[in-house]
Amino acid sequence: MINLIDSHAHLDHVENLDIALKESEKAGVSAVLAVSTDLKAMKRNLEIKKQYGSPLKDCGDDRCIKIYLGLGVHPGDIKAEELEESYEFMWQNIQDADVVGEIGLDFWYKWVRKDDAKHREQREVFRRQLEIAKEFDKPVVIHTRGTWKECLATVKEFGIKSANFHWYSGPVDVLEEIIKSGYYVSAGPALAFSPQSREAISHAPIEQTLIETDSPVFFNYPEEMGGGFTATPKDVFKALTAYSQLKNIAPEKAAETLNRNAIKFMKGLS
Ligand SMILES: [Zn+2]
């Protein structure tokens, strides 16, 4: 049986989490990195890590899913009135976190693209959190769309050692710079059909690639591929299938390297 690490999921948003994690464990998921998007998500994910995190009390001989934790405010989830409390929460609980994320910049939507105040706000929130990551030497999980170059430049400016540009679907020249900088990119189930994701991942060396689900995102798979589904961590196997076909690497072999990368990433190694 293949074991896999889901290196990006929003467990705080997954319905019937207990069942979803048990099914994922049964399917072969060995660990999940639970990333956060706002204060409520951080509190919930910290609880989830404490509840499920390894070592589990009554794990016995059964395999145990391990939960890693990311603390952060997502650029699309900024609520000005709770920002100070969010940073405070991060400072207070950073020792329980494995990474800072998901953080970044997103200027994708037209109403954001044209709004300078929104850009300034996103940049400020991003930088405040990179300061925390730098201070505690934590890896970062980056969300970025429409502003890949600036995002990478900011991460480098802070001297961050380990970063994952999650669900990377940006231009290849920025991808090459990400790889040169020793950072990672990740791919999810969309790799089966998204031209941008396929183009990027085909250029990324396996040693700097992670796989993930971004659960509970809905993936609009065409009927002939089984139809659309709301992801849970077990769907990281769909990402593995797409990855091994795209890169022409046996799934067992790909899984071994991808898992090793996920652990290296969370330990802050590149
Ligand atoms: Zn996400």
Side-chain angles (χ1 to χ4, degrees), residues 4-15 17 20-21 24 29 31-46 48-49 67-79 86 90 97-109 112 122 125-126 129-130 133 138-148 151-152 155 160 162-170 178 183-192 194 196-197 200-201 209-220 228-236 238-239 242-243 258 261-262 265-266:
L4 265 189
I5 298 174
D6 177 359
S7 51
H8 189 113
H10 298 270
L11 295 186
D12 58 298
H13 270 75
V14 171
E15 275 181 43
L17 182 63
L21 286 179
S24 297
V29 176
V32 180
L33 172 54
V35 292
S36 306
T37 51
D38 64 4
L39 184 59
K40 193 170 157 217
M42 288 195 267
K43 289 180 177 170
R44 175 75 185 121
N45 283 327
L46 179 60
I48 292 170
K49 177 175 174 168
I67 308 294
Y68 292 91
L69 175 67
L71 295 179
V73 177
H74 187 287
D77 251 323
I78 296 171
K79 297 172 229 9
S86 302
M90 289 173 74
D98 301 283
V99 307
V100 168
E102 102 178 66
I103 62 173
L105 300 170
D106 190 333
F107 300 168
W108 186 254
Y109 295 106
V112 180
Q122 283 194 20
V125 174
F126 188 30
Q129 299 183 93
L130 285 172
K138 295 284 180 190
V140 294
V141 175
I142 300 295
H143 169 102
T144 180
R145 277 195 310 178
T147 172
W148 293 277
C151 223
L152 172 62
V155 172
I160 299 292
S162 188
N164 174 30
F165 289 76
H166 117 89
W167 196 335
Y168 187 84
S169 56
I178 290 172
Y183 299 143
Y184 297 91
V185 290
S186 62
L191 190 60
S194 154
Q196 291 86 355
S197 181
I201 296 304
T209 305
L210 307 177
I211 50 170
E212 56 154 281
T213 61
D214 211 6
S215 300
V217 160
F218 182 82
F219 288 98
N220 203 8
F229 61 93
T230 300
T232 69
K234 70 174 178 339
D235 296 308
V236 72
K238 291 199 171 76
Y243 185 83
L258 296 164
N261 298 346
F265 162 65
M266 287 186 286

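One-based numbering along the sequence shown. Whatever order the structure lists them in is the order used to number ligands and atoms, beginning at 1.
Nearest N, O or S atom of E102 to the Zn ion (ligand 1): atom OE1. For H8, the N, O or S atom closest to the Zn ion (ligand 1) goes by the atom name NE2. Restricting D214 to its N, O or S atoms, the one at the least distance from the Zn ion (ligand 1) is OD1. Looking only at N/O/S atoms, H10 comes nearest to the Zn ion (ligand 1) through NE2.
Counting backbone and side-chain atoms alike, H74 contributes no N/O/S atom closer than 2.8 Å to the Zn ion (ligand 1). Within the 2.8 Å limit, H166 places no N, O or S atom next to the Zn ion (ligand 1).
Rounding to the nearest 0.5 Å gives a distance of 8.0 Å between OG of S7 and CZ of F265.
Classified by interplanar angle (parallel below 30°, tilted 30° to 60°, perpendicular above 60°), the ring pair W108/W148 is perpendicular.
Closest approach of L33 to V99, counting heavy atoms only: CD1-CG2, 3.9 Å.
A salt bridge does not link K40 to D12: none of the charged nitrogens lies less than 4.0 Å from a carboxylate oxygen.
Without hydrogens or angle criteria, S24 side chain to A20 main chain gives a donor-acceptor distance under 3.5 Å.
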